[in-house]
Structure formats: structure tokens, C-alpha cells
Amino acid sequence: MVILKTARTIAKMREAGRISSRALREAGKAVEPGVSTLEIDTIVRRYIEKQGAVPSFLGYCDFPASACISVNNVVIHGIPSAKTILRQGDIVSIDIGAEFEGYHGDNAYTFACGDVSDEAKALMRATKESLYEGIKNAVAKNRIGDIGFAVQQYVEARSYSVVRDFVGHGVGAKLHEDPNVPNYGTPGRGVRLLPGMTIAIEPMVTQGTHKVRILDDGWTTVTADGKLAAHYEHTVAVTSDGPIILTLPD
Ligand code: MG
């Protein structure tokens, strides 16, 4: 069931989104060669808690950390670890949620660790831009398929693939609500978008196959062919005045 939010609720979600976004910015500042993903997770948790908020992911379905940190061929759900030390040239996808006064903000960004290859830069740029193509289509009277189609078309025109096994989602008082928001789709198909819907749009884009597999830890999701992946996400409100990004730092 899709839960429509009032303007007042959306204003609260903007606060949660601001905290999530600033936590992501802090995480990004910490990305450099020699830093472990666990150190970054600690920065994220402390930052969120200092704002009087709660890390949305910590303990969610028993996830053991505050951030998902996914390096290179890891698409999503990388578990922060003292053993995962960032190296020059890595691309580092960080996904963060914060709950504040009962509502969640959810966002992700792929950061470059030092100088990265031109191929990695191109993948990151295309993935980030595809998110904004999706957001442009998060308008009332469109359907979910219009968002997915816009993302998919943008990505595939650049010879990359969109992951099918994981999708974006509604977000609000719960981290994951209806509807699903796939990064692929058919224009005019799927749930109709209405003012008051709040959704996380989150393209997960790969250099090679769209196929992924989950490692034995039950979380870490990697590309099936070992090639790079990137991931960007914003929480967005559908309003009568168009889409509003809720996960902005200011
Ligand atoms: Mg999400």
C-alpha cells in the first residue's frame, strides 16, 4: 500500500534527508587511500547520532553497520570492515539512511578514491546523470515505469547495464515502503505517481552484465562478471509542483 504524505510530513522528511545527505558528505570526505570502510562507517554513525537521529540501516534485517560501503565490483550492501582498506583508484559506493523524528532519508553516492580510471569516471558520471533522468520523471500523473524507462534508456544508450535484482522503493516512516521503483520499465506502466508519494530512486549501474550475485555473508552483492558498478540515490517527494529532492545538505 502506497502511503501519501502531507506537506507537514514531507517537511519532516526533508530534515531526515538533510541529516542523511550531510552524513554522506562526511563519509565522502573520508574516502582516501589507506582508510578502512569500518572507519568510514564509524564517522557516519557518530555524525548521525550527533544530530539526534538514528542510522536507518544499523540492525535493519540484522545489517551490522550504519552505512553500506561497496567497493569496485561490489554493487550494493557492502559490509564495512577493518579489513577492507581503500586503495588509490577504487570507486566507493556509500549508501546511508537516517531516521529523524520518525521518518527516514535514504541516499547514496559513488566516490572516487584518489585518481580513478577514465572508464570508472565515465561509469560514475552516467550513473549519476541517470538518477537525475529518473527524478525528472517523478512527476504526478506519470507512472513508475516512466522513471525506470528514463533511467534504463539513459544507461543503455551508453552501453552500461541496469541491475534488475534490486530496485528503489517508497520511503517514509519505514525505510522500505511501496511501491517498488525499478531502474527499468515501460513508459505508462506501473503504479501512478501522486502528489505526496515519497520514493528513493537509486540506479545501480554496471559496466558489463546486469547480473549480480550475493556472497556468503548474505549481503555483499557483486557483479557476476567482476566488472565495476556505481550507485547513486536520492529520496524524492512527488508534489503538485514537481519532484522535490529531500536528501540535500542545505
Ligand atoms: Mg534505498
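Being a predicted model, the structure only gives us computed values, none of them experimental. Computed over heavy atoms, backbone and side chain alike; hydrogens, waters and symmetry mates excluded. When a ligand or atom number is given, it counts from 1 through the structure's own listing order.
Taking the Mg ion (ligand 1) as reference, Glu233 places its N/O/S atom OE2 nearest. Residue-level check: among N/O/S atoms of His169, NE2 sits closest to the Mg ion (ligand 1). Looking at Glu202 and the Mg ion (ligand 1) together, the shortest N, O or S contact belongs to OE2.
The nearest N, O or S atom of His176 is not closer to the Mg ion (ligand 1) than 2.8 Å. Here Asp106 reaches the Mg ion (ligand 1): one of its N/O/S atoms is less than 2.8 Å from the metal.
A cation-pi contact links Arg158 to Tyr154, judged by a cut-off of 6.0 Å to the six-membered ring centre and 45° from its axis.
A salt bridge links Lys136 with Glu133: the distance from a Lys NZ or Arg NE/NH1/NH2 to an Asp or Glu carboxylate oxygen falls below 4.0 Å.
Side-chain contact between Ile144 and Pro182 is present, with at least one heavy-atom pair separated by less than 4.5 Å.
Just one of Thr221, Thr220, Thr84, Ile69 meets the side chain to side chain contact (heavy atoms under 4.5 Å, CB included) condition when paired with Val74; it is Thr220.
Taking the six-membered ring where the residue is Trp, Tyr60 and His176 present tilted rings, their angle falling between 30° and 60°.
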